[in-house]
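Counting from 1, the numbers follow the sequence of the chain as shown. None of these values were measured; they are calculated from a predicted model. Side chains included, hydrogens not; waters and symmetry mates left out as well; all remaining heavy atoms used.
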Amino acid sequence: MPASPSGPVTSRTRSWWGWGYTDAHPDDAECVALGALLPGTPGRPLPVPRVADLSIGRPGVTPPTALAHLVTTDPGVRAAHAMGKAYRDVIRALRGRPGRIPDLVARPTDDREVADLLDWAGGRGVAVIPFGGGSSVVGGVEYRGDAHRAVLSLDLTSMDRVLEVDTVSRSARIQSGALGPVLEAQLRPHGLTLRHFPQSFEFSTLGGWLATRAGGHYATGRTHIDDFVQSLSVVTPAGPGTSWRLPASGAGPSPDRLFLGSEGALGIITEAWMRLQERPHHKASASVAFADFLQALEAVRAIARSDLSPANCRLLDPGEALLSGASHDGSSVLVLGFESATSPVDDRLASALDLALAHGGRGGHSGRGGHSGLGGTPAADGGAPADTAVSAWRSAFLRMPYLRDGLARMGAVVETFETAATWDRVPSLIDAVRTEVSSVASKATGHPATVNCRLTHVYPDGAAPYFTVAVAGRPGDEVRIWDDIKAAASEVLHRYRATITHHHAVGRDHRPGYDLQRPDPFALALRAAKDALDPHRILNPGVLID
């Protein structure tokens with residue numbers, strides 16, 4: 001059955017250079033207050049950058065008349081599509097060095113227009129960079145190099161409709177350009193939800209989640225968007241293709257798996273049939289404090305190995321707990337949340353708390369029927385967290401990218417990176433990252449550095465540690481400093497055979513680590529797929545494979 005057209009429209013202005021909405025950015029006074037938390041930052045923030053101050057040249061190519069109505073050369077639109085929202089993107093914009101700005105931005109409305117744009121770009125040697133919400137933090141939506149005569153940013157957000165809803169199979173056919181709130185607004189009248197809420201929920205699209213194998217709402221079980229895919233429709237320079245819509249299949253290598261995580265390097269994902277759920281009616285949340293972080297890790301491992309399947313199971317180390325306001329006494333804090341569409345979850349929460357307390361936890365503060373404290377969900381469910389630590393963590397989680405940009409205006413180097421490893425390596429990996437990365441950051445800047453850790457997703461066999469690095473930088477040298485810190489972090493991850501990324505994708509920033517991680521025969525196959533599907537090498541050059 002047809003679904004409603006595009007969802008909620010907001011009049012708020014998106015920032016072209018930083019995270020989220022311009023009216024949510026810290027003002028100068030808040031930036032100064034934030035900078036005071038990091039010894040060595042200057043007393044005055046960098047000015048908010050202006051598009052008018054950028055050197056934006058004339059486009060190096062003109063689209064044909066038949067496609068001209070899809071394309072804009074507006075300088076502000078081009079600047080907003082020049083890069084993602086990583087720290088190095090934000091600081092480059094603040095310093096007036098955003099990198100290669102696309103010559104054109106195209107907004108197709110259907111598969112045929114996508115195919116026509118790819119045909120034209122392939123014949124003219126124009127690089128095509130797929131673009132959804134632009135929230136990439138790994139250099140996934142920018143062009144680097146000079147091998148192409150021009151760059152086209154292919155913005156898919158005009159393709160944002162839920163085209164069909166199958167209530168019998170509980171699934172929907174959705175265009176890939178639908179932003180999180182737009183997608184959920186169209187599913188809500190059917191009593192259904194995709195329930196995939198990454199931190200970037202407001203500012204990222206279904207296609208972006210699929211192309212980057214994004215992690216979202218669930219800390220256990222179905223953590224990646226892969227788990228919700230029934231079938232994909234993809235347009236490549238070699239032609240379009242749609243996989244069969246099936247609940248499961250053992251028919252050879254999965255065609256969907258070829259494009260999930262391909263980051264637009266092999267084709268443009270234009271539609272997907274996605275598995276849906278009924279909206280949850282039963283929720284409960286709690287927090288548990290631990291004096292010993294290693295004991296907290298053991299508690300999380302026990303919960304992950306149980307059959308309780310909490311929706312939220314996030315462990316904050318003392319630094320992360322302090323930063324979020326979840327604890328002020330040096331404790332680590334475990335944030336738990338359970339939800340269900342069909343039955344109460346109080347007993348499951350109680351069992352998880354019993355496991356946590358048996359491993360040295362204390363407190364177990366909880367609430368019933370409250371919000372589970374999961375990132376992005378206010379746009380979908382509303383409600384208030386039932387526990388003070390849960391509430392503090394959730395508020396900090398949603399606010400943190402804005403605060404990072406405020407610290408960047410103070411010349412600080414503040415960024416995150418994440419990974420995953422098996423449980424036997426998790427404790428020593430976390431210790432090595434904290435020790436070695438903080439040492440590199442301090443030596444590079446001459447200032448004391450902080451490295452905090454939280455677990456964002458947990459599995460029976462391992463966990464996904466997520467690290468935050470904060471240190472005062474040196475004026476004008478922030479990008480190089482971060483690149484050095486990132487290289488040191490990547491070396492530690494490789495040494496412990498931890499993945500270069502659990503859910504942030506590869507992009508361009510993670511290419512060195514990804515090249516070391518993937519097996520050589522797979523690289524050979526991936527290169528052959530690139531040759532076959534993108535013979536002119538126009539799709540997101542430099543991502544995944546050269």
Side-chain angles (χ1 to χ4, degrees), residues 12-23 25 45-65 67-108 117-118 120-121 124-158 177 203 208 264 405 408-409 411 475-480 482-483 507-509 538-543:
R12 300 175 73 185
T13 302
R14 287 281 304 275
S15 172
W16 73 268
W17 64 272
W19 185 261
Y21 297 113
T22 56
D23 60 10
H25 287 183
L46 292 167
V48 173
R50 304 187 310 161
V51 172
D53 294 332
L54 301 177
S55 178
I56 302 178
R58 293 175 59 85
V61 68
T62 302
T65 302
L67 300 176
H69 66 290
L70 302 175
V71 174
T72 182
T73 60
D74 178 82
V77 176
R78 291 167 62 190
H81 287 73
M83 54 191 179
K85 302 303 182 186
Y87 168 78
R88 71 188 318 276
D89 303 328
V90 170
I91 197 69
R92 284 186 297 160
L94 288 168
R95 294 295 183 186
R97 301 191 293 267
R100 176 74 178 266
I101 293 175
D103 298 79
L104 307 170
V105 176
R107 289 192 172 97
L117 286 162
L118 294 186
W120 168 74
R124 297 297 300 272
V126 175
V128 177
I129 312 296
F131 195 98
S135 61
S136 171
V137 293
V138 292
V141 295
E142 68 176 274
Y143 181 86
R144 296 179 188 172
D146 56 7
H148 296 79
R149 61 180 297 184
V151 178
L152 169 73
S153 178
L154 188 68
D155 186 321
L156 296 165
T157 53
S158 292
F203 312 113
D405 291 357
R409 288 188 60 201
D477 208 19
E478 298 94 346
V479 171
R480 187 192 65 78
W482 171 248
D483 286 347
R508 291 164 179 83
D509 296 347
I538 60 168
L539 288 178
N540 222 359
V543 168

Practice problem: Give the intermediate values and the outcome of side-chain contact (heavy atoms from CB on, under 4.5 Å) for residues Arg508 and Val543. | Solution: CA-CA 6 Å; Arg508 291 164 179 83; Val543 168; 3.4 Å; yes
Which pair of non-hydrogen atoms, one from [X] and one from [Y], has the smallest distance, and what is that distance?
| X | Y | answer |
| --- | --- | --- |
| Val141 | Gly84 | CG2-N, 3.6 Å |
| Ser158 | Pro108 | CB-O, 3.6 Å |
| Gly264 | Pro130 | CA-CG, 3.8 Å |
| Leu54 | Ala79 | CD1-CB, 4.0 Å |
| Gly18 | Val90 | CA-CG2, 4.2 Å |
| Ala408 | Leu46 | O-CD1, 4.0 Å |

Quiz item: Is Lys85 reaching over with its side chain to a backbone N or O of Ser136, donor-acceptor style, under 3.5 angstrom?
Solution: no
Quiz item: Short question: side chain of Asn540, backbone of Gly140 - any donor-acceptor pair under 3.5 Å?
Solution: yes
Exercise. Report the residues that fulfil side chain to side chain donor-acceptor pair (under 3.5 Å) with Arg50, sequence neighbours left out, ordered by chain and then residue number.
Key: Asp53
Quiz item: Taking only residues two or more places apart in sequence, or in another chain, which ones meet Tyr87 in a side chain to side chain donor-acceptor pair (under 3.5 Å)?
Solution: none
Quiz item: Could you state the interatomic distance from OG1 (Thr157) to CZ (Phe131), rounded to the nearest 0.5 Å?
Solution: 8.5 Å
Self-check item: CG on Asp477 to CD1 on Ile91, rounded to 0.5 Å
Solution: 11.0 Å
Quiz item: Under 4.5 Å between any side-chain heavy atoms of Val128 and Leu117, yes or no?
Solution: no
Self-check item: Close side-chain approach of Asp89 to Pro98, heavy-atom, < 4.5 Å
Solution: no
Could you tell me which residues satisfy salt bridge (charged side-chain N to carboxylate O under 4.0 Å, His left out) with [X], sequence neighbours excluded, listed by chain and number?
| X | value |
| --- | --- |
| Arg107 | Asp155 |
| Glu478 | Arg95 |
| Arg409 | Asp28 |
| Asp405 | none |

Self-check item: Partner set under ring-ring contact (aromatic ring centres under 6.0 Å, His included) for His25, not counting sequence neighbours
Solution: Trp17, Tyr402
Quiz item: What residues, two or more places apart in sequence or in another chain, satisfy ring-ring contact (aromatic ring centres under 6.0 Å, His included) together with Phe203?
Solution: Trp19, Tyr21
Pairs under 3.5 angstrom only: tabulate donor-acceptor contacts from the side chains of residues 143-152 to other protein residues two or more places apart or in another chain.
from, atom 1, to, atom 2, distance (Å)
Tyr143, OH, Ala147, N, 3.0
Tyr143, OH, His148, N, 3.0
Tyr143, OH, His148, ND1, 2.9
Arg144, NE, Glu142, OE1, 3.1
Arg144, NH1, Asp509, OD1, 3.3
Arg144, NH2, Glu142, OE2, 3.4
Arg144, NH2, Asp509, OD1, 2.7
His148, NE2, Arg537, O, 2.9

Self-check item: Lys/Arg N to Asp/Glu carboxylate O, Arg480 vs Asp483, below 4.0 Å
Solution: no
Quiz item: Tell me the side chain to side chain donor-acceptor pair (under 3.5 Å) pairs involving residues 70-80, sequence neighbours left out?
Solution: none
